[in-house]
Structure formats: structure tokens, C-alpha cells
Amino acid sequence: MGFIIFGIVGFALVYFLPMVFNKYLGMQIGDGWGLGFYGLGLVAASAGFGAYKFRSSLLNAEASTIRTFRR
């Protein structure tokens with residue numbers, strides 16, 4: 001889940017934000033902040049970070065639960 005969220009947000013920041021700046025503010029920024037395909041690497045790195053953080057938060061939440069049963 002974190003992979004998808006961070007991937008979508010990263011893609012929007014790298015590729016859609018420069019288009020918005022160009023259209024509404026009259027700036028001249030290249031697609032992906034001028035990074036070309038390296039922008040996809042930034043998106044992949046942010047998605048990987050999101051997957052790591054999401055997984056670690058799930059493991060931390062699971063580790064704090066007590067699993068003892070009495071019969």
C-alpha cells in the first residue's frame with residue numbers, strides 16, 4: 001500500500017507539478033524537472049521508501065500485540 005501511495009505522490013511531484021507550473025505560472029521547466037528518465041528513478045526510490053516505511057509500521061504494530069491464550 002505504501003508503495004502505491006508514495007509512487008503516485010512521487011510521480012505527481014516529478015511529472016505533473018512542472019506541467020502545472022508551466023501552464024499556470026508561465027515558467028519553462030522541462031518534464032520531470034529536466035531529469036528525463038532519471039525522474040523515474042526518483043519515483044521508484046520514493047515508492048521503495050514508502051513500501052519500507054509501510055511494512056515497518058505494520059511489523060511494529062504487530063510486535064506490540066500480546067499473543068497469549070489460556071485454556
Side-chain angles (χ1 to χ4, degrees):
M1 186 68 166
F3 182 81
I4 294 170
I5 293 171
F6 274 70
I8 290 172
V9 170
F11 191 81
L13 287 176
V14 171
Y15 288 101
F16 292 126
L17 193 62
M19 289 190 323
V20 170
F21 285 164
N22 289 341
K23 185 175 182 178
Y24 294 112
L25 299 177
M27 296 179 166
Q28 295 297 324
I29 302 172
D31 293 339
W33 298 103
L35 296 173
F37 283 114
Y38 292 113
L40 289 176
L42 289 175
V43 172
S46 70
F49 177 75
Y52 169 75
K53 291 301 285 182
F54 183 75
R55 181 72 178 147
S56 67
S57 70
L58 283 179
L59 290 176
N60 286 340
E62 186 178 303
S64 65
T65 59
I66 299 172
R67 296 181 181 185
T68 57
F69 299 99
R70 291 187 181 184
R71 291 183 182 198

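Across Met19 and Asp31, no two heavy atoms sit closer than the pair CG-OD1, 4.4 Å. Summarising the geometry of Gly30 relative to Pro18, their closest heavy-atom pair is O-CB, 3.8 Å, with the distance given to 0.1 Å. Nearest heavy-atom pair, Ile29 versus Phe21, reported as atom, atom and distance to 0.1 Å: CD1-CD1, 3.8 Å.
Judged purely by atom type and a 3.5 angstrom limit, Trp33 uses its side chain to pair as donor or acceptor with the backbone of Leu13.
Applying the under-4.5 Å side-chain rule to Ile, Leu, Val, Met, Phe, Trp and Tyr, the cluster around Phe3 consists of that residue alone. Hydrophobic cluster membership for Tyr24: Val20 (Ile, Leu, Val, Met, Phe, Trp, Tyr linked by side-chain heavy atoms under 4.5 Å, directly or transitively).
Taken from CD1 in Ile8 to OG in Ser46, the straight-line distance is 11.0 Å, to the nearest 0.5 Å. The line from CG of Asn60 to CZ of Arg55 is 11.0 Å long, rounded to the nearest 0.5 Å.
With sequence neighbours left out, Phe54 forms a ring-ring contact (aromatic ring centres under 6.0 Å, His included) with no residue at all.
Side-chain contact between Tyr15 and Leu40 is present, with heavy atoms from C-beta onward closer than 4.5 Å.
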